[in-house]
Amino acid sequence: MRTVLYLVQKEFLQIFRNKFMLPMLLVMPVVQTILLSFAANYEVKNLSLGVVDHDLSPMSRQLVATFGASGYFKVYNTVFSSKIADADLARDRTDLILEIPPHFERDYVREGAGKVAITANAINAVKAGLAIGYASNIVRAYSLNEATTAAVNRPPAAIQVEYSNWYNPLLDYKTFMVPGILGEIISLIICFLTALNIVREREVGTIEQLNVTPIQKWQFILGKLMPFWMISLVMMTVGLSVGWLVFRIPMLGNLWLVFAYTLVFAPCMLGIGFLISNFAESQQQAMFTAWFFLLIFILMCGLFTPVDSMPEWAQRLNMINPVKYFVEFMRLVLLKGATFADIQQNFFTVLGYAAVVNGLAVWTYRKRV
Amino acid sequence: MSILSIKANSLSKAYGTVQAVKNVSFDVRKGEIFGLIGPDGAGKTTLFRILTSLLLPDAGQASVDGLDVVQDFKLLRQRIGYMPGRFSLYQDLTVQENLQFFANVFGTTIEKNYALIRDIYVQLEPFKHRRAGALSGGMKQKLALCCALIHKPRVLFLDEPGTGVDPVSRKEFWEMLRRLRDSDITILVSTPYMDEAELCDRVALLQKGEIMAIDTPEGITASYQRPLFAARSDDMYRLITDLRTLEPGADCYAFGEYAHLALAGTASRSATPTRPTTLSRRTSTETIQQYLESKGHQNVEVLNATATIEDCFIELMHD
């Protein structure tokens, strides 16, 4: 055990001496949390709206004004020909066309029903979906309003949908993103660092000197993993502080649980890094291999697209994505206030995962050349 | 206790289709400096790796200090010191931190074995807070030797310690090795430099993974059989090509500022080592001088030469 301590001590000496390492460990989580949380924002604002008003009635103008007042849309132009509006959409001047048919007001007053057409540019499906969602909401709200004020004798629409967004009542994307991004960054950095650190010993040749010492396999491995294990806790502390100070993200759950989970989760990523290092001969190889896996892990972890909307096979594949568990955990505990009982399945899955990955890493590590 | 420190018995190792070491056997006695001499790619490093338990041989057995290199590798690693050919210490740690680290992992302290490394370490002391990566070649080598010695090994393996080091540092280094040998440490050293070979107690000449000869450096040079001359003129390149055509079987190669000419045939080395006999009886320094002058060489000088390890090596390579 003393040998492990010496190895850890040596590792920290090297980490603190590396001018690049310490800033990377501390600045990267801060910058990424701030940058990505602001930038990776799914709220769509300032959609450019083209209006085709064939009716030109007070009602149609009011409807258009409602769109403009919503904050989501900016009226780009009002034209009287669908062709011109279509051309604008095609040239990307507008994101959405609102077409009001002739006799819109007359039909509405006479028959209690009017029709409008909304056309969205769905090149960016997410944006289009949101735009149509917003637009429908505005139209619906408008018609309800009309129904209650203009036609007093008519009963309001029978079914009304009331929204309430639990755990993130204001649908603040930052609240949603920060815990996930924290999980992602910690996974990324410790996996990379472990893989590169071990391969570096091989590339520089120091491993040859180490291998003729009586250091045993488990001591070497523990000596390599422990420093980054501890660093993951530091990064978590820094990241949570930034989340709280800058974004005021809710921390409903027990923070001790977050740290305890980090201690179990970190070995997963450390183990993966270690496993990669066993098969890589140079830092370059390790870097590319780690990047290949991490890119998949990150894009599929549910941070950017919900796991639930992935195809069945992808969801199954995601069972081996450790980052998914971490992101899920962070959101559940921080936003929803989940307790250990709620996340224990996740917890034990990750525990098992860590055991398997590290077992494989130890098994494939060779002290002889 | 056996007087043999290293026993290698028909060791073979191949990397893919390349046979790096072929059926190599040799013994190293306790407390001797044994040199593995050979050009790059002769299999020296592979042998070192097998003997230091880093590499498993394909065939053959070896023991170091009575311990089998395959079976008892754990115990073995406590008893050997290895200095790889490439500088393998932590460049970003200081001199002292490196030494401390290796002392620690061997479960010892610098103080405990300071006596052994004192002579070397005093030279390093002024730089003890300098990072190992910022040391000169000679200093790096001394540090590496300190780190390999810090646990008081019984057998020391030095893979090409002279490479990349200036001649003065190399000389000092060899003096240190002699002192270490005197404190009963067996030293196996490899080198591509023939001048270092003459500083060993015994040497094995290695070529393409095979041992060509094992003897003391004197024994090896004494076994040299051919009449040997050293010659020079103003036009060395032409001199070498001309001498190669002097008589059948003549070898000529550059040797410092001279060219060495080895003639076919046997020289009786016992009495007067350089006097040509039998086949080459007619050839002498005078005849060579005449021959060269007839070819139009200026400032010709021809001497009888004594064979060095390098001459022996070149001869063996030709066989």
Side-chain angles (χ1 to χ4, degrees), chain A residues 1-25 193 196-228 278 281-283 362 364-369, chain B residues 13 15 20 45-46 48-57 64 69-70 72-94 96-109 131-133 143-145 147-148 150-151 153 155-157 159:
Chain A
M1 210 53 215
R2 279 167 66 94
T3 310
V4 177
L5 286 181
Y6 291 131
L7 284 165
V8 171
Q9 183 192 23
K10 180 218 85 180
E11 219 55 63
F12 272 117
L13 261 176
Q14 288 183 297
I15 291 170
F16 287 117
R17 192 152 295 166
N18 189 332
K19 285 201 184 76
F20 189 70
M21 195 79 115
L22 212 54
M24 195 166 87
L25 290 177
L193 287 181
L196 292 184
N197 183 291
I198 299 173
V199 176
R200 201 180 124 80
E201 295 248 12
R202 194 166 303 147
E203 207 174 64
V204 178
T206 44
I207 200 122
E208 198 162 338
Q209 194 82 65
L210 275 191
N211 282 350
V212 288
T213 64
I215 297 175
Q216 286 171 30
K217 211 157 131 172
W218 67 269
Q219 293 172 326
F220 175 78
I221 292 167
L222 219 54
K224 278 289 173 198
L225 299 190
M226 270 172 63
F228 295 112
N278 282 347
E281 275 153 26
S282 66
Q283 293 189 72
V362 172
T364 50
Y365 175 72
R366 293 274 174 271
K367 219 180 152 184
R368 292 184 199 253
V369 188
Chain B
K13 176 77 192 174
Y15 300 107
T45 301
T46 304
F48 269 83
R49 288 194 167 159
I50 292 172
L51 293 174
T52 51
S53 80
L54 289 173
L55 200 62
L56 295 172
V64 172
V69 293
V70 178
D72 310 319
F73 70 96
K74 274 188 185 159
L75 267 174
L76 179 68
R77 284 172 182 170
Q78 285 279 7
R79 297 203 201 164
I80 56 171
Y82 175 41
M83 192 174 134
R86 190 159 62 132
F87 183 69
S88 301
L89 301 178
Y90 292 98
Q91 313 240 6
D92 46 357
L93 295 186
T94 65
Q96 199 174 22
E97 284 162 353
N98 265 302
L99 194 58
Q100 186 71 57
F101 174 69
F102 283 100
N104 286 339
V105 297
F106 276 105
T108 179
T109 58
R131 291 185 196 182
L143 176 60
L145 184 62
C147 290
I150 194 63
H151 57 291
V155 184
L156 192 56
F157 292 88
D159 194 4

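Labels below follow one simple rule: chain letters A, B, ... track the order of the sequence lines, proteins then strands, and each chain is numbered from 1. Keep in mind the model is a prediction, meaning the values are calculated, not measured.
- Of the residues considered (A/Glu201, A/Gln9, A/Arg2), A/Glu201 shows the highest number of contacts with chain B, using heavy-atom pairs under 4.5 Å.
- Within the model, atoms OG1 of A/Thr3 and CZ of B/Phe106 stand 11.0 Å from one another, a figure rounded to the nearest 0.5 Å.
- Neither the backbone nor the side chain of B/Gln100 comes within less than 4.5 Å of any heavy atom in chain A.
- Using a 4.5 Å cut-off on side-chain heavy atoms (C-beta onward), B/Gln91 and A/Thr206 make no contact.
- Heavy atoms of A/Gln219 lying under 4.5 Å from chain B are absent altogether.
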B/Phe101 and A/Leu210: CA distance, side-chain angles, deciding distance, side chain to side chain contact (heavy atoms under 4.5 Å, CB included) verdict: CA-CA 10 Å; B/Phe101 174 69; A/Leu210 275 191; 3.6 Å; yes

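- Interface remark: B/Phe87 contributes backbone atoms only to the contact with chain A (heavy atom separation under 4.5 Å).
- Ranked by heavy-atom pairs under 4.5 Å with chain B, the first of A/Asn18, A/Ile207, A/Leu13, A/Leu5 is A/Leu13.
- Between A/Gln209 and B/Ser88, the closest heavy-atom pair is CB-O, 3.6 Å.
- In this structure, A/Gln14 CD and B/Leu93 CG are separated by 4.5 Å, a value rounded to the nearest 0.5 Å.
- In this structure, chain B has heavy atoms under 4.5 Å from both the backbone and the side chain of A/Leu7.
- To the nearest 0.5 Å, atom CG of residue B/Asn104 and atom NZ of residue A/Lys10 are 12.0 Å apart.
- Between the side chains of B/Tyr82 and A/Glu208, a donor-acceptor pair is found at a separation under 3.5 Å.
- To the nearest 0.5 Å, the span separating CG on B/Asp92 from CZ on A/Arg200 amounts to 5.5 Å.
- The distance from atom OH of B/Tyr90 to atom CZ of A/Arg17, rounded to the nearest 0.5 Å, is 13.5 Å.
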